[in-house]
Protein chains: 4
Amino acid sequence: MAGRPRSEEARRAILEAALALVERDGYQDVTLKGIAEAAGTGRQTLYRWWQSKAEVLLEAIAELVGPELQPPPESGDPHADLVAFLEETFGAAHGVAGRVVVGLMADAQADEKFAAELRARLIGPRRQALRTVLARGALPADLDLDLAVDVVFGAMWYRLLNRHAEVDEKLAREIAGLLGRIR
Amino acid sequence: MAGRPRSEEARRAILEAALALVERDGYQDVTLKGIAEAAGTGRQTLYRWWQSKAEVLLEAIAELVGPELQPPPESGDPHADLVAFLEETFGAAHGVAGRVVVGLMADAQADEKFAAELRARLIGPRRQALRTVLARGALPADLDLDLAVDVVFGAMWYRLLNRHAEVDEKLAREIAGLLGRIR
Amino acid sequence: MAGRPRSEEARRAILEAALALVERDGYQDVTLKGIAEAAGTGRQTLYRWWQSKAEVLLEAIAELVGPELQPPPESGDPHADLVAFLEETFGAAHGVAGRVVVGLMADAQADEKFAAELRARLIGPRRQALRTVLARGALPADLDLDLAVDVVFGAMWYRLLNRHAEVDEKLAREIAGLLGRIR
Amino acid sequence: MAGRPRSEEARRAILEAALALVERDGYQDVTLKGIAEAAGTGRQTLYRWWQSKAEVLLEAIAELVGPELQPPPESGDPHADLVAFLEETFGAAHGVAGRVVVGLMADAQADEKFAAELRARLIGPRRQALRTVLARGALPADLDLDLAVDVVFGAMWYRLLNRHAEVDEKLAREIAGLLGRIR
DNA sequence: CATTAAACGAGACGGTACGTCATGTCTTTGA
DNA sequence: TCAAAGACATGACGTACCGTCTCGTTTAATG
C-alpha cells in the first residue's frame, strides 16, 4: 500500500520553528514538545522523522549553511584566500548558527552516534574546506595539514565555547598571521 | 548563634559519588537525585550548597586537579618545559577529569553565570599557567601570548569535544614543534 | 482533532487503589504518590483529572455509595421508614466508607472549594433523602425540617468524629424515638 | 543536678504565635516550622514539649477558653439557663477558637491518642457542662441525657464542619425550643 | 563561687511528598 | 499510512516540612 506521503509542509514548519525557538530561548531551553507546539504539528511527527532535538537542529542548520561548506575560489594569493575563508567562517559563527552549532557540540558529548553524524555532516566538510585552502601554499609544505586545521578551528571553538574572547575578523587575521610566520 | 555545622563527611561523600557516577554512567546521565542517593545524603543537602549538577562537579574536579593548576618548575630549556607541561595537561584530559570537564563546558553553554565560574576556577588558571610557560622563551618575543594560548588549548578542546583525534603526548610534541617553528 | 481518549482502566485502578490504601493505612497516610504507585499509573494522570487526594476519594466514595443516596420506598409507617433509613445510613458509616467520609470532612476544613463539592455531591443529597423521609409524617407538621436534619445527622457526625460512642442501630432507634416524642 | 528551667517566655511566645498563625493562614497551613520562626524560638523547643501541631494548639486553646468550661450559675428557669449556655457556647465557636477547634477535630481523625486527649481536655468537660444544665429540668426526666447532649452538640459540630448553616443565637433558641417540645 | 546539667537559639542533616515538566509511546479521529 | 491531538507511564526537577542531630550560649541549682 502507499499511504499518505510525508508532509513537506510539516517538515519545514518544524525546522523553522526549531531555529526560531533557539533564537528566542537559547538552545538548551528548546524542547521537542515546544517545537511541535510552535510548528503546529503533532509530537509523533517529530519522533517519526528525527531521533532528538539535536537531529532536528542539525538538519535545520545544515540547510541553512549548506552552501558555505565549499572552499572559496582560488585567487592566486594563498594568504589572502586563507584570510577571506576564515573571515567568512568566523562571521558565520555569530547569530543563530553559532548558538545552534555550540549546542549541537554540547549535545554530542552525550551521544556518540550523533557526534559521528555531526562530524560527517557539518564539522568534517568544513575541515576539508579549510584543508583545501591551506594546501594552496599558505604553509610550509612539510607541515601536517590536519594539525594546522586543529589549531585554526581549535582556537575558534575554544573561544566560541569558553567565550573568553570574540570570534571575529581580527582573530581571522591574527591566526592567518601566526600561520604565515611558521618556517 | 551557631547552628549545626556543615557536615564535611556529607560534602566529601557527595563529591566522590558525583565523580564515581560520571565514571560509571557518563556526565549527562548523572542526576542530582542519583548523586544524593549514591552519597547516602538528603537531596536538600545538595540544593543547600550547590546550584546544579555542574557546580557539584566543578567543585569535585577542582579538588581533584587543584595542584596541577600551577606552572611547573623552570628547567632552563623552554621547549622542554613546554612539552612537559603539555604532556601533563593532555594526559589529565583522559579519564574522569576529561569527561567531567567536557560535560562542564557543555553545561556552561546553557548558563552564563556558571560559565563565568568555570572560567574563573578552572579554565582561567590553566590558561595562566600555560602563559607562564610560554613566556619562558619558547616563542618569539613579539608574538601575542593569548593568541598562542588559544591555539594550543584550542586544539586540545577541539579534539576533546569533536573526538576526531586523540589528545595525547604525540599532540603535545606536535603542537610544541609547530610553535617552535614560528619566527 | 481527536487525541487519545481517557483510559477508563486507569481511572478505575486509581479509585480502587485509593480505597484500598485508606483501608490499609488510614485516610491521612494516603498520598497521591502512593495511589499512583499502587494503581500502576503515572502521577501526572492523577493530577490531570483530580485536584487533590480528597477529590479522588470523593469520586471513589460517590461511586461506592451512589445508589444509597435515594430515599427508601414508602412503607406507610413513617416511624418505621425513619428507623430503617437511619439504620441503613448509620450502618454505612462503618468500614472504609466511614473512614473516607470522615477524612473528606477533615480535608474540607482546609479548602472551601472542595467543601462545596463535598456538600453538593455527598452531604446535600443525603440531607435531602432524610428530609424526604422525615416529611412522611414522623414529625409535627410545624417543626423545621432542616433543624431536624441537623439534629439527626449532627449526632451521627459528632459521634463519628469524636468517637465517644458508637454509630449503630441502637442510635438509630434512640434518635427516632426522641423525634417521636416531640409534640 | 538542676539544669536550666523551662522558659515560660518561650512557651507563651509559641502559644501566641500558633494562634496568630491560625488566624492569618488557617489551621491547615500552620506548620511547626512556621510557629517556631514566628515565635522566635528554636524548633527543638517545640518538639521538646509538644508532640505535634495539634498538641500545641490544644494547649493554646485550652488556656484561651478554659474558664468557659464551667456550667453557668443556676437562675431558676431551666429553659433560660439552657438558652444562655448555648448562646455563649455557640458564640465562642466563631473567631480563632472555632477554626482551631475544627482543625483539632480534623487532626484527631489521624491520631487516636490525640483524639483521646482532645476529648479529655476540651470536648468532655464541655459535654459535662451541658449535661449539668440539661439536668436542671429542661427535659423529661426519663430522657437519656447523653443522647440529648449528642443531639445538641452534634448539630453544632455538623454545622461547624459542613458549613451549610450558621452556628449562632438563632440556632441556640431553635435547639432549646426543640428540646422543650419533647414529652 | 565554680561546677554541672538542662534548656535555649540556630541551623544542617536524611527523608519524603509535593506539584510541574519533558520524555518517548500509544491510541483515537480525520485527510 | 500519515497527520494532529492528546492521554499514557516514567522519572528528574526544585521546594517544603518533617523529626532528629549537633553546635555554642545561657541559666539556675548544687557542692
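Order of the sequence lines sets the chain letters (A, B, ...), proteins ahead of strands, with each chain counted from 1. Worth knowing before you read on, the calculation uses all heavy atoms, side chains too, and leaves out hydrogens, waters and symmetry mates. Small disclaimer: the values here were computed from a predicted structure and weren't measured.
Ion pairing of C/E16 with C/R12 is present here, as a side-chain N (NZ or NE/NH1/NH2) and a carboxylate O approach within less than 4.0 Å. Classification of B/E55 and B/K113 as a salt-bridged pair fails, no side-chain N sitting under 4.0 Å from a carboxylate O.
Across F/dA3, F/dA16, E/dC13, the shortest atom-to-atom separation from the side chain of A/R48 is found for F/dA3. Nearest nucleotide to the side chain of B/P5, out of E/dT25, F/dT22, E/dC8: F/dT22. Closest to the side chain of C/T45, out of F/dA9, E/dC8, F/dG14, is F/dA9. Candidate nucleotides F/dC13, F/dA9, F/dC23 were compared by shortest atom distance to the side chain of C/A10, and F/dA9 ranks first.
Distance C/Y47 OH to F/dC8 C1': 17 Å, rounded to the nearest Å. Whole-Å rounding puts the D/W50 CH2 to F/dC18 P distance at 15 Å. Nucleotide F/dG14 holds its C1' atom 15 Å from the CD atom of B/E55, rounded to whole Å. We find that CD1 of B/I14 is positioned 10 Å from C1' of E/dC13, with the value rounded to whole Å. Counting to the nearest Å, the P atom of F/dA3 and the CZ atom of A/R11 are 12 Å from each other. For the pair B/K53 NZ and F/dG14 P, the interatomic distance rounds to 11 Å; values are reported in whole Å. Distance, B/E8 CD to E/dA12 P: 15 Å, rounded to whole Å.
With DNA chain F read from its 5' end, the first of the two nearest nucleotides for C/R4 and C/G40 is the one closest to C/R4.
Taking CZ of B/R43 as the start and OG1 of B/T31 as the end, the distance is 8.5 Å to the nearest 0.5 Å. In this structure, CG in C/L19 is found 7.0 Å from CG in C/L15, a value given to the nearest 0.5 Å.
At a cut-off of 3.5 Å, with distance as the only test, no side-chain donor of C/Q28 or C/R99 sits close to an acceptor on the other residue.
Contact between the side-chain N/O atoms of C/W49 and the OP1/OP2 oxygens of F/dG6 is not found at any separation under 4.0 Å. At F/dA3, none of the side-chain N or O atoms of A/S7 fall inside 4.0 Å of OP1 or OP2 (strictly under the cut-off).
Proximity of a side-chain donor or acceptor of D/R121 to a complementary backbone N or O of D/L58 within less than 3.5 Å is not detected.
Annotation: B/R6, atom CZ; neighbour count of heavy atoms from other residues, nucleotides and ligands within 6.0 Å is above 12.
For DNA chain E, the neighbouring residues in residues 20-39 of chain A, judged by any heavy atom under 4.0 Å, are A/T31, A/L32, A/K33.
For D/Q44 against F/dC21, a side-chain-to-base donor-acceptor contact under 3.5 Å is present. Put simply, the side chain of A/R43 and the base of F/dG6 share no donor and acceptor less than 3.5 Å apart.
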